[in-house]
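Structure, as structure tokens:
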Protein chains: 2
Amino acid sequence: MAASRVYQHPDISEIAMPRVLFALSEPLRLTMVRILADRGEVDSIELGPDLPRSTLTHHTSLLRESGVVFVRAEGRKCMIRLRRDDLQARFPGLIDTVLAGYTESEQPKEQA
Amino acid sequence: MAASRVYQHPDISEIAMPRVLFALSEPLRLTMVRILADRGEVDSIELGPDLPRSTLTHHTSLLRESGVVFVRAEGRKCMIRLRRDDLQARFPGLIDTVLAGYTESEQPKEQA
DNA sequence: ATGATTGTGCGACAATCTTCGAATGATTGG
DNA sequence: CCAATCATTCGAAGATTGTCGCACAATCAT
């Protein structure tokens, strides 16, 4: 019954701006963060139902290691949530500003 | 006397969040943006006096193409300034928040 | 005009990143 | 215990990125 899978998370003070920005600079990950902001804690599968599992693990790990999300094992599932309070404490306003400025429908078209 | 070098800049509406975040995710470029925020318009050389010129051009071009900076030729020099108002209009609060959260001295130490 | 100075483009190289299949490990249900 | 299910790790392939030397164009001082 013990949760075997354990995840390492950076402490608040270890969260680095360039790393967070890089994590958020990928459209796929940014979309994941948007989903997390809208739905709270979700099963990892909700972040990319159509993605190969290894790809999903890659992106969630990167988000976790950069300090953007918190991950915990629940049975076989993997529950993920945004570290909103921690990010707000470390970089006030950043996440809110990024999310406010990014909606997929609002994206500029591809330059022809 | 005509300015021969002409630089292309994205329109405000074409500035994309992932691209801006990527531009800012590089410590070197982030430092450049900080200098620009502090000093206003500067000669490009001020952004990296010790860098090879081609490297400097690479980063300033990336910042320009992502919509972060405005570049103009002045004689042989290259003057660069932050597109602060444009960025503020497109993504309110983003630049201020990023700059407020990033000072080189405040960076987390390298993981040993 | 000549020579010095500055930025840019090109090409190469190494490093990093993204994607994903296959194998492995962990957990649940029967 | 056994099989099914889910996440993770590993490895590889392709794409992107960062760095930089070199040649070239543009500009300025003399």
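In the text below, chain A, chain B and the rest are named by the order of the sequence lines, each starting its count at 1.
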Notebook entry, point to check: Rounded to the Å, how far apart are M79(A) CE and dT8(D) P?
Noted result: 13 Å
Check: OP1 or OP2 of dC6(D) sitting under 4.0 Å from any side-chain N/O of R5(A)?
Finding: no
Check: Once you round to the nearest 0.5 Å, how far does CZ of R72(B) lie from CZ of R64(B)?
Finding: 15.0 Å
Note to self: Would you say that more than 12 heavy atoms from the other residues, nucleotides or ligands in this model lie under 6.0 Å from the CG of D11(B), or not?
What the structure shows: yes
Next item on the list: Classify the ring geometry between H9(B) and F70(B) as parallel (under 30°), tilted (30 to 60°) or perpendicular (over 60°).
Entry: parallel
Next item on the list: Over all heavy atoms of both residues, which pair between L94(A) and M17(A) is shortest? Give the atoms and the distance, please.
Entry: CD2-SD, 4.0 Å
Notebook entry, point to check: How long is the line joining CG of D43(A) and C1' of dT28(C), in whole Å?
Noted result: 15 Å
Notebook entry, point to check: NE2 of H59(A) versus P of dT9(D): gap in Å, rounded?
Noted result: 15 Å
Check: Between I45(A) (CD1) and dC6(D) (P), how many Å, whole number?
Finding: 8 Å
Check: Rounded to the Å, how far apart are L51(A) CG and dT18(C) C1'?
Finding: 12 Å
Next item on the list: Mark yes when over 12 heavy atoms from residues, nucleotides or ligands other than D38(B) sit less than 6.0 Å from its CG; otherwise mark no.
Entry: yes
Margin query: At less than 4.0 Å, is any side-chain N or O atom of Y7(B) found next to OP1 or OP2 of dG7(C)? Yes or no.
Written below: no
Item checked: Paired nucleotide for dC13(C) [Watson-Crick or G-U wobble; both distances under 3.5 Å] -> dG18(D)
Margin query: If the cut-off is 4.0 Å, is T57(B) near the phosphate of dT8(C), judged by side-chain N/O to OP1 or OP2?
Written below: yes
Next item on the list: May I ask you to verify if any side-chain N or O of T55(A) is less than 4.0 angstrom from the OP1 or OP2 atom of dC20(C)?
Entry: yes
Note to self: With a 4.0 Å cutoff (strictly under), does any side-chain N or O of R53(A) reach OP1 or OP2 of dT5(D)?
What the structure shows: no
Note to self: Between C1' on dA7(D) and CD1 on I80(A), what's the gap in Å once rounded to a whole number?
What the structure shows: 11 Å
Next item on the list: Take the protein atom CD of E65(A) and the nucleotide atom P of dT16(C), then report the distance between them rounded to whole Å.
Entry: 15 Å
Next item on the list: Give one of base, sugar-phosphate or nothing for H58(B), where a contact means two heavy atoms less than 4.0 Å apart.
Entry: base
Notebook entry, point to check: Want to settle it: does L28(A) or S54(B) sit nearer the 5' end of DNA chain C, counting the closest nucleotide to each?
Noted result: S54(B)
Notebook entry, point to check: Tell me: CZ of R72(B) to P of dT8(C), nearest whole Å?
Noted result: 14 Å
Margin query: Heavy atoms only, 4.0 Å cut-off, all strands: where does S44(A) land among base, sugar-phosphate and nothing?
Written below: sugar-phosphate
Next item on the list: Scan L62(A) against the nucleic acid and name what it touches under 4.0 Å (heavy atoms): base, sugar-phosphate only, or nothing.
Entry: sugar-phosphate
Next item on the list: Side chain of F22(B) only, please: which of dT5(C), dG21(C), dT17(D) is the nearest?
Entry: dT17(D)
